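All remarks here apply to the structure that follows.
Chain A is the first sequence line, chain B the second, and so forth, proteins listed ahead of strands; every chain is numbered from 1. Treat the numbers as computed from the prediction; the structure is a model and nothing was measured.
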2 protein chains.
Amino acid sequence: MTEENASSYTVGKYRTPDGAPADIVIFTITAEHTNRTTKSLPKRELKVLLIKRKLWPFEGMWALPGGFSNDKESMYETGRRELEEETGVRDVHMEYFNVYSKPGRDPRGWIISHAFFALVHEDFLAQRKAADDAADVGLFAVNELGRPGLELAFDHQQIIQDAVEQIRSKMLLTSIAKEFLPDEFTLSELYQVIQTVVPDFEEANFIRKMKSTQSRSGVLEPVLDTKGEPKKSNEFSQRAAQLYRFTGSMPRLSLYS
Amino acid sequence: MTEENASSYTVGKYRTPDGAPADIVIFTITAEHTNRTTKSLPKRELKVLLIKRKLWPFEGMWALPGGFSNDKESMYETGRRELEEETGVRDVHMEYFNVYSKPGRDPRGWIISHAFFALVHEDFLAQRKAADDAADVGLFAVNELGRPGLELAFDHQQIIQDAVEQIRSKMLLTSIAKEFLPDEFTLSELYQVIQTVVPDFEEANFIRKMKSTQSRSGVLEPVLDTKGEPKKSNEFSQRAAQLYRFTGSMPRLSLYS
DNA sequence: CCAATAGTGTCTATTAGACATTATATG
DNA sequence: CATATAATGTCTAATAGACACTATTGG
């Protein structure tokens, strides 16, 4: 508290919070190459990075990575710092999405938790997992969380569920799909990533729509090679597929237009 | 802090926040009936409710209504409580949208502010303004904020700007327009409310689109009277206009469908 | 009959949606 | 030549977008 004018200021007789942490739901999409006989798309799964707690409370249980903020940084900076400490990655997509403050949520006292989600390439996390004590870091499929035998510390189950809802919504409304993709990708990869996050997403004429639709266009553009010819990839198929990239422009979606 | 196991617990030697308030951006749309010779639509304007501070810091300046959370309530409950204390209204739309924690943002110390926006009918606020010391409560057009002579306390200018962005986005993606409308409304009223919040929204064939579009339909439905006939209103026009209501169902918007 | 809102007519180009069909290249 | 992905063909109904036009009724 600064000194100036503090004479007439009457706070200080009230209880203040015991801490304000940032907790981070780190999402990644794992890709498992199953079919070895023919080229094929990998099997993808949406996963969350958790850390096994070493200290009271909830000692030995899995929890979100995170840590307390201090008075020299904003909550966003706390999130960034913790994200880097836990995964070693910077410059990835991280977004604040909610605050968790229900009385009793943390046995240590009055702890107001600020939740972020981050979207990270699988490759980045692989390093981390290998580097440290691997037993204390785990990647869990979103669907298997909360099952018997895998209860999480604090209200982290709820936080993760809320985060999943957030990225499901944003996956369809924004271009965050690119956080899970290389710069240049095929439409099947994109489709697969969308479906991995939003399981009931289904679009029969996906390829055609993404190519044609002038209104929706501007979101994606086909990649050309140095000679100006369409650039293709046959990484996932015998027949080469056109590569696309996100343009950065975003149409304004609306109920009323 | 609970006592159990606290022996091995090492927090307490760090500085803790000096307070965690909820601040609320209360939006309303005012309607001014200008034309007295003929029936016409009112002139609408998006406004924010502010309160003149009586105490240090920023004494005498306009600020968002809000107040400190306590350890017996969640931040959302703090928001609800403050909203009711300031305006007397309950059961209105209120949503959390961001946290403000930049060091130095509050001269009283380390104060982490949690920002909500609320959408309230003009009528509700009119009561409040009449009841209390009217000089301390003001409704300000969003556009006139930040002008010379109307600087706001703390970082509240920024908070309001962020809130405006939020409701602009949500106005087009969700049915929050209904928070500013009566249960039954004409399409012109709806169109006007959208434009009041999102000034560059323009849709030439708005009426036709809202009627036809089967895909988008399900959002609105025409109101029928007790005889099953289309219910119309000529409140704003000579020729009676069909009344509509929101159905509650929401199509899933998507970049990719 | 004017003003102000509430619609409808009409036209073309584009899109949606469902399904069938063809294309490519590698093991 | 089977397989897995990558498209295109085809058809109908619906929609978008622009602009002109008609409808209603109190004052």
Pairs in or reaching into residues 22-31 of chain B: which pass salt bridge (charged side-chain N to carboxylate O under 4.0 Å, His left out), with residues at least two apart or in two chains? none
Under the salt bridge (charged side-chain N to carboxylate O under 4.0 Å, His left out) rule, what pairs show up with a residue in residues 170-179 of chain B, not counting sequence neighbours? E95(B)-K170(B)
Should R44(A) and E122(A) count as an ion pair when the cut-off is N to O under 4.0 Å? no
Partners passing side-chain hydrogen bond (donor to acceptor under 3.5 Å, both in side chains) against [X] (at least two apart in sequence or in another chain):
X: D162(A); value: Y100(A), Q158(A)
X: E165(A); value: none
X: Q195(A); value: Y191(A)

Show me the donor-acceptor pairs, under 3.5 Å and distance only, between side chains in residues 220-233 of chain A and residues at least two apart or in other chains.
residue, atom, partner, partner atom, Å
E221(A), OE2, R245(A), NH1, 3.1
D225(A), OD1, K227(A), N, 2.9
D225(A), OD1, G228(A), N, 3.1
D225(A), OD1, E229(A), N, 2.8
K231(A), NZ, E184(A), OE1, 2.9
S233(A), OG, E235(A), N, 3.1

Name the residue closer to the 5' end of DNA chain D, choosing between I207(A) and R208(B) according to the nucleotide with the nearest heavy atom.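 Its nearest nucleotide being more 5', the pick is I207(A).
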Dump the pairs, protein N or O against N or O of nucleotides 25-27 of chain D, anything under 3.5 Å, distances to one decimal.
residue, atom, partner, partner atom, Å
dG26(D), O4', Q238(B), OE1, 3.0

Roughly, in whole Å, what's the span from [atom1] in [X] to [atom2] in [N]?
X: Q192(A); N: dT5(D); atom1: CD; atom2: P; value: 8 Å
X: K209(B); N: dG9(C); atom1: NZ; atom2: C1'; value: 17 Å
X: K211(B); N: dA16(D); atom1: NZ; atom2: P; value: 16 Å
X: M210(A); N: dG17(C); atom1: CE; atom2: P; value: 12 Å
X: Y244(A); N: dA7(D); atom1: OH; atom2: P; value: 7 Å
X: L41(B); N: dG7(C); atom1: CG; atom2: C1'; value: 14 Å

What residues, two or more places apart in sequence or in another chain, satisfy salt bridge (Lys or Arg N to Asp or Glu O under 4.0 Å) together with R90(A)?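 E84(A).
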From the list dG7(C), dA16(D), dA7(D), which nucleotide is the closest neighbour of the side chain of Q242(A)? dA7(D)
Mind running a 4.0 Å heavy-atom check of residues 193-206 of chain A against DNA chain D and sending the residues that fall below it, in number order?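 Correct list: empty, so none.
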Between F246(A) and F185(A), does the ring centroid distance fall short of 6.0 Å?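 They qualify: ring centres under 6.0 Å apart.
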